[in-house]
Every structure is written in structure tokens, then in C-alpha cells.
Number of protein chains: 2
Amino acid sequence: MAGIRDVARLAGVSTATVTRALRDEPSVAPKTKERVRAAALRLDYVPSAAARALSQGHSTLLGLFVPDIVNPFYAEVAQGMEDRAAEARFHCVIASSHLNRERERQLLTSLQDGTLAGLAATTVGTDEAFTQALSAMPGPLVLVDRRPRGLKAPLVRTDNRKVTREAIRGLFEMGHTRIAMISGPQDFDTACQRLSGFRMAHRDAGVRVTEQLVRHGHLGETGGHQAMTELLAMDPRPTAVFCFNNLVTVGALKAIREAGLAIPADISLLAFDDMSLFPLVDPPITAIAQPAYEMGRAAAEILLRQLAGETGIDDRVLPATLIPRASLGPPR
Amino acid sequence: MAGIRDVARLAGVSTATVTRALRDEPSVAPKTKERVRAAALRLDYVPSAAARALSQGHSTLLGLFVPDIVNPFYAEVAQGMEDRAAEARFHCVIASSHLNRERERQLLTSLQDGTLAGLAATTVGTDEAFTQALSAMPGPLVLVDRRPRGLKAPLVRTDNRKVTREAIRGLFEMGHTRIAMISGPQDFDTACQRLSGFRMAHRDAGVRVTEQLVRHGHLGETGGHQAMTELLAMDPRPTAVFCFNNLVTVGALKAIREAGLAIPADISLLAFDDMSLFPLVDPPITAIAQPAYEMGRAAAEILLRQLAGETGIDDRVLPATLIPRASLGPPR
DNA sequence: TTGTAAGCGTTATCAA
DNA sequence: TTGATAACGCTTACAA
């Protein structure tokens, strides 16, 4: 493996000149640059990332912390982040924790030991220790999707409240009056915002929210399934249900099927977060799609700007879109 | 940020002793270790990854090269790889290329510049330049899913032929005789193996393969859609179709719907690769599931073993499983 | 425009 | 069992 010295020797210059030439600094004479480039090429010279990181004080690695990379929402965030990072010749380290504490700790250590130049995190509100450690961390930080209480860092998110309010309004316009919501933990700000939109739509429609129809604290397929089962056991049943994320939707859908009910005839189903197969499900699921890919890009962008020295960066709010399909219909 | 010198000073030892103590080497006196640990803890000392990498000659970063992290198959591979890597305190850099050449080049550079200690790759056969560059690379390499021609490296894969053969046999047992296959590019060894299983099942059943029913070179949803449309235009139509991967299946499914045909009454559909929503599709799709997570773990495992100096590592063949659902039925 | 030389923070070698 | 010290390979003042 050729080093910078070999290149310097072959080109007949000093190592300092090699560095400058290869970075295309204007202070180097064109002829010199040419010679250095030729030498580097001939020796297959690739500068050592470790040496560079050590010398410059930071790496070109961005970290992305997500609960579950298999969840397509996060996968798309990852793809967006990675694409944007690659444009700046940065790489992404994706850590998918499954809420694994040990893994969280490892990631934080990596931020401290300089493996990572910056971190984008989708944190779970419950984990106070992690949150606190995060805020004490050196280096750029950006939050994606949600902000744990007390964490001061730019956030990339969707306008949850607005889009939910509009979507639920559509339900009222169809004639629904008993609309249920399967919401997440109350310390998820996303859940709160979506719930808030849900309530506002009720106010808009002059309908009081039936609190028993709002189920808090549900997560994942299991949570969605359980909440839906409970909702279906009520009398009278809700005529529509709004699920606060993709996995919860899947669980709810299964529960509805098991109960032998028809969508949307017996009950309408509205999902937050789209999935690629939702159009093929029976029936195709109407969903509020978040611009996950763009959110990932925006996160990388913000990290890069922070690394460039910019401070006081604002939150970035991206629009979500209602994608009408067949799971919404007027109540019987 | 405290460095090793600060710790050494506080503990009253040399930097060499600090290193040894923190790595728990037996040559350090217990009392000394204790003192060093206390000092490190008090100063919040975290060794610099860059300095360590420079000094040791390699990082603790594993690279995973996949075509598309949003495809759940690869996402699961990534999760498996990452979990296994984390156990050894390694991180994973995921590069999702979308067949982007520039991105491929970047990743190779990272392998050369020492950013990555090893690389797991799911390469696309078509890209000879990349393949060749890969084989010329320093450092451990492991192939996942498929092996491009001429690349000598351990491979983690599924027993494609066997599982396909058995699944297609099931189709014959149901009474099908005109079974189509939407296969991938002929330079994908996975496509070849699955096709081979398809042919073997025909031989087992004493049925000659109708070559017009075998469509080569299709990839992605678009490819699946197009191939299926062509197949449905044939007269007589096939009574069953086998799709060689998940995206192709989705495309084929859409084409069947557009043609207004019923599954499985008009045509049976068998997928290679499962997806989490396949059970919810109309009808639920019968699929051959690959142990993607385990494949990712195995890839990391092999990389780690190579880093530990092991050579001559064999391919790892994992079993796939047929998951019966409702998209298969006897022909009319 | 180019060169010299001092870091950067570990680890590893050799002595003690 | 511990300590000095020389790498590791690049970047960057500072000089020339």
C-alpha cells in the first residue's frame, strides 16, 4: 500500500504538496498538481481515512440511530440520509437498536470516540438516560421524526397535526361520528401531535371526542391488534379508526379481519404512514404518507451544515400527503 | 476531551500502562488496573477510534453493500449483520447503491482507505468492473445471496434449487401443468438456481418445460408487471406462475389484478421471498421465505472470522421455507 | 509556490 | 510489571 511519502518521492515534492495538490488547492502550481496526480494514480494511492480523521479531528461518518431498520419508514429515512451523505462523500453507519440499551450505549461511545462525525437519531421518548446522554454528546446532532422532551437539537419532522386534522375532517364529511384512534405512548410527541389533529378535527366538526375511543400507548403490530380488538368489542362500535403508524395499522387490520368485519362497510381504516403493499391489501388502505426519504436527506443536510460550522439551525417541517384508497367509506 | 495522557498522569502511570490496563491484559497488576480504571472513569476517557485505527492498521467498521435497503429482504440482512457485528463491538456501514456506479466506487475507496475493515456485498452480476475491483480489494470479503462469476470469496446463500424444486412439485400435485416462471437476468446465479429447481421439478413430474412460459431478465416491479402481462396474453394461459423474487411478485400481482383475473381460481401465484404484508394481500400470497436475518448474521460472522485470521472459509448455505397461504390452488 | 516539522492519540517494541 | 519512545500516515502552521 503506497503512502503519501511514496507519492511525494515519485513526484519529487514534499508530502505537504501532495496533500495540497490532491485536494486541488489553488496554491499549488498546475504543473506540480499534474505531476502529483500522475504519481498518485500510478501508485494507486488512497489516503488513509484513519490518519486523516486523526489529523483533522473528525471522521466522515454519519450515524443514524433508528428503532428498526426493517420498518420501511426508517429504511427510507436511511436511504435518503445515505444518498445525501454520499454526495458529500460521507458514509452512514446505521444502528438499529430494537430498543436495545446496550446498543444505544455503544452508539454513544462511537460518537465520543470520534468514529462518528455526527448523529441523526429517532429516539424513543421513554428512554430518559439515553436522551440525556445524547444531549451531553459532543458533535452535531439532529433529531428525526420526534423530539424527546428537553433535547435541544434541530428536528426534521412532518406536519403531523395539520395533515391529521384534514384527514379526519374527510371522515366526518363521509358521515362518520364515532371515530376511534389508536395512538402511541403519550410521551411520543408524534402521537400527541396526531392526536391533537384528531381532536381539532372533532372540534371543527362540532363533535365531542368520545374518550373511550382513543386508545393510548399502543405500539407495533401487537399493540395495534390488541387495541383494535378492544375497540371492536365496544357497543356501539366505532365506524372508523385512525391508526397512528404503520405497524399499528397492520395489527389493527388483522384484528378487523379476525372479527370477520368488512372494510370499509363495517369500519373504515385510516393509516398514518404508507407502505408499499398497502395498495394491494384487501381492501387497499388509505394512508397518510410521510416523505421519509426527504426526511432522511434533510437530516443529513442539517448534520453537514452543522459540521460546516453553522449554528442555530431551525427545525425542518415537511408536508405529509393523504393517499386515498379504498379503506374509507361512509358508515352503514 | 480527556486523552490517554491525562489518564496516565492522574493514575500515576505511563500511557502504555493505561492501554494495557484498560484492555485488561494480565501483565498489569490488579492494583494498577484499578487505579487506571478509576482515573479513566473520572475523566470520562474514551479512546479515540481514529488513533486506534491508525495505530492498529484497521477499523472496527464493516461495510454492507446492497442494491436497495428499502427492499425488506436487504433490510433484514442488514439487521442481522448489524446485530452480529455489534456483539463484537463492530459497526456497520450500509451502502445502498441503487446500482449507482459512483456510489460503488466510493465504497471501494472506503475499503482501500481503511474506513472499512471488511465488506459484505450483494453484487449485481452485470457490473463486471465492480466485481473485478472487488476481487482486487485488500481485506476480508463475503458475498451475500449471489456470487458474480469469477469472484473467489465465501458466499452466504439459500438453497435455492432445492426449495424451488419442492415448491413447484406442490404445484404439479395440485394438478397444474402449464406453470410459468418469471425469472431474473441470466447472469444472476440465484435466478439460474431457482430456474434449475423449476426445471428439475418438471422432470420429476415428467412434464416438459414450455420455454415460452419462462421469461428471463425481469427485475423489479416493472419487470414483473411486464412479464406477467405478456404471460396473460398467451393462449392458453399458464395456470400458475412462479416469481423469482419479491418485487417481481408485486409487479406480477398488479398485472393479474389489472387483467381482472382471480387468484388462485384463474391463476396461482407463488413468490420467492416473503414480505410482511403478503398475509394481508388479497389473496394472501404463498411464498418461499429466505432466512434473511440469519444470512446477515452469517455474513458478519464470516467477516469477523476472516479478520481473526481464518482462511479457506466455506460457503454457508441456509434453508428457505415454503409458507403456504392462499394464492395457490388447483387449476380450473 | 513549496518545504520543514510539529502535531493528532493510540499501540507496540524494547528495555528496565 | 512498568516505562520510554518510536511508529502509524496524514494535515497544517510557519518558514522560506
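Chain letters run A, B, ... following the sequence lines, proteins first and then strands; every chain starts at 1. Side chains included, hydrogens not; waters and symmetry mates left out as well; all remaining heavy atoms used. Please read these numbers as outputs of a predicted model, since none were measured by experiment.
- A:Val18 comes within contact range of no nucleotide atom at all, as no heavy-atom separation falls under 4.0 Å.
- Rounded to 10 degrees, the angle separating the terminal axes of the helix from C:dT1-D:dA16 to C:dA16-D:dT1 is 30°, with each axis obtained from five end pairs.
- The two atoms that bring B:Ala21 and B:Val28 nearest to each other are N-CG2, 3.9 Å, heavy atoms only.
- Nearer the 5' end of DNA chain D, as judged by each residue's closest nucleotide, is the contact made by B:Pro30, out of B:Pro30 and B:Leu54.
- The backbone N or O of B:Ala86 lies less than 3.5 Å from a partner atom in the side chain of A:Gln106, making a donor-acceptor pair.
- Residues A:Leu62 and A:Leu304 share a closest heavy-atom pair of CD2-CD1, 4.2 Å.
- Partner B:Phe90 forms a side chain to side chain contact (heavy atoms under 4.5 Å, CB included) with one of B:Thr60, B:Leu61, B:Leu303 and no other, that one being B:Thr60.
- The span of DNA chain C lying next to chain A, judged by atoms under 4.0 Å from heavy atoms, is bounded 5' to 3' by C:dT1 to C:dG9.
- Side-chain atoms of A:Asp145 and A:Tyr74 form no donor-acceptor pair, as typed in the model, at a separation below 3.5 Å.
- A pairwise comparison of heavy atoms in B:Ser96 and B:Ile69 identifies OG-N, 3.0 Å as the closest pair.
- Rounded to an integer number of Å, the gap from CG of A:Asp6 to P of D:dC8 is 12 Å.
- Smallest separation of non-hydrogen atoms from A:Ala300 and A:Met81: CB-O, 3.6 Å.
- Among residues two or more places apart in sequence or in another chain, the ring-ring contact (aromatic ring centres under 6.0 Å, His included) test is passed with B:Phe73 by none.
- Atom pair B:Arg5:CZ and D:dT5:C1' shows a separation of 11 Å (rounding to whole Å applied).
- We find that CZ of A:Arg9 is positioned 15 Å from C1' of D:dC10, with the value rounded to whole Å.
- No contact: A:Gly114 has no heavy atom under 4.0 Å from any strand.
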For nucleotides 11-14 of chain D, give me every protein contact, N/O to N/O, under 3.5 Å, one pair per line with atom names.
{"from": "D:dT11", "atom 1": "OP1", "to": "A:Arg52", "atom 2": "NE", "distance (Å)": "2.8"}
{"from": "D:dT11", "atom 1": "OP1", "to": "A:Arg52", "atom 2": "NH2", "distance (Å)": "3.2"}
{"from": "D:dT11", "atom 1": "OP2", "to": "A:Thr19", "atom 2": "OG1", "distance (Å)": "3.0"}
{"from": "D:dT11", "atom 1": "O4'", "to": "A:Ser55", "atom 2": "OG", "distance (Å)": "2.6"}

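- Taking the side-chain hydrogen bond (donor to acceptor under 3.5 Å, both in side chains) definition, one finds that B:Glu82 meets it with A:Arg103, sequence neighbours left out.
- Considering every non-hydrogen atom in both A:Ala191 and A:Gly184, the closest pair reads CB-N, 3.8 Å.
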Donor-acceptor pairs are to be reported for all side-chain atoms of residues 48-56 of chain B against protein atoms at under 3.5 Å, with residues two or more places apart or in another chain.
{"from": "B:Ser48", "atom 1": "OG", "to": "B:Ala50", "atom 2": "N", "distance (Å)": "3.3"}
{"from": "B:Ser48", "atom 1": "OG", "to": "B:Ala51", "atom 2": "N", "distance (Å)": "3.0"}
{"from": "B:Gln56", "atom 1": "OE1", "to": "B:Arg23", "atom 2": "NH2", "distance (Å)": "2.7"}

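- In this structure, A:Val7 reaches neither bases nor backbone, as no heavy-atom distance under 4.0 Å exists between it and the strands shown.
- Rounding to whole angstrom units, NZ of residue B:Lys31 and P of D:dT1 are separated by 11 Å.
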